[in-house]
Trainee: 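This structure is in structure tokens; I'll ask about it shortly.
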Amino acid sequence: PKSSPVIKLLQRIRDESHRFAVSYHTQLKVKSQRQSVLDNISGIGPVSKSKLLKKYGTIDNISKADFIDLKTLVGFRRANIIKGNLN
């Protein structure tokens, strides 16, 4: 019967496993939404990322930026890396 203690226990186990799975996938979703394309480029750290986003605002603007402007902001090596990865 549906009201038996065994069925109730199995339902609670099922509900708990679903709750755990949903919360885990929610955490993954939030983490991926907070991540930037710049985070995936090796050689670009949080300081360079902050400078770029503060000056240009968006990834699209960074990719359209002139190489010389990027070079003066983050240096030749990082500007080369950025242009190579975003274009």
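All values below come from the heavy atoms of this structure, side chains included, with hydrogens, waters and symmetry mates left out. All figures in this text were calculated on a predicted structure; none of them were measured in a lab.
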Trainee: Mind checking whether Ile62 and Leu38 have side chains closer than 4.5 Å, heavy atoms only?
Mentor: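 Of all side-chain heavy-atom pairs linking Leu38 with Ile62, at least one is under 4.5 Å.
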Trainee: Once you round to the nearest 0.5 Å, how far does CD of Gln35 lie from CG of Asn40?
Mentor: 5.0 Å
Trainee: Below 4.5 Å, heavy atoms only, C-beta onward: do Leu73 and Arg78 meet side chain to side chain?
Mentor: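 A side-chain contact is absent here, since even the closest heavy-atom pair is not under 4.5 Å.
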Trainee: Does Lys64 pair with Asp60 as a salt bridge, N-O distance under 4.0 Å?
Mentor: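 Yes, charged N to carboxylate O under 4.0 Å.
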Trainee: Show your reasoning for whether side-chain hydrogen bond (donor to acceptor under 3.5 Å, both in side chains) applies to Ser36 and Asp39.
Mentor: CA-CA 5 Å; Ser36 170; Asp39 292 330; 5.0 Å; no
Trainee: So, taking the atom named CZ in Arg77 and the one named OG in Ser48, what distance separates them when rounded to the nearest 0.5 Å?
Mentor: 8.5 Å
Trainee: Side chains of Ile82 and Leu52: closer than 4.5 Å at any heavy-atom pair?
Mentor: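 With C-beta onward as the side chain, the pair touches.
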Trainee: Is atom CZ of Arg14 surrounded by more than 12 heavy atoms (other residues, nucleotides or ligands) closer than 6.0 Å?
Mentor: yes
Trainee: Looking at Pro1 and Ile7, what are the two nearest heavy atoms and their distance?
Mentor: O-CG1, 3.6 Å
Trainee: Would the number of heavy atoms belonging to other residues, nucleotides or ligands and lying under 6.0 Å from CG of Leu28 be above 12?
Mentor: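 Check passes, neighbour count above 12.
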Trainee: Verify the cluster assignment for Phe76 and Ile81: are they in a single hydrophobic cluster under the rule of side-chain heavy atoms below 4.5 Å apart?
Mentor: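 Unlinked, Phe76 and Ile81 end up in two clusters.
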Trainee: Do Phe20 and Asp15 have side chains that approach each other closer than 4.5 Å (heavy atoms only, starting at C-beta)?
Mentor: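 No; the side chains remain at least 4.5 Å from each other.
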Trainee: Between the side chain of Lys55 and the main-chain N/O of Ser50, is any donor-acceptor distance below 3.5 Å?
Mentor: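 No.
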Trainee: Does any non-hydrogen side-chain atom of Lys51 lie less than 4.5 Å from one of Lys54?
Mentor: no
Trainee: Using 0.5 Å steps for rounding, measure from the NZ atom of Lys8 to the CZ atom of Arg12.
Mentor: 10.5 Å
Trainee: Assigning hydrophobic clusters by single linkage (Ile, Leu, Val, Met, Phe, Trp, Tyr; side-chain heavy-atom cutoff under 4.5 Å), is Phe67 placed with Val74?
Mentor: no
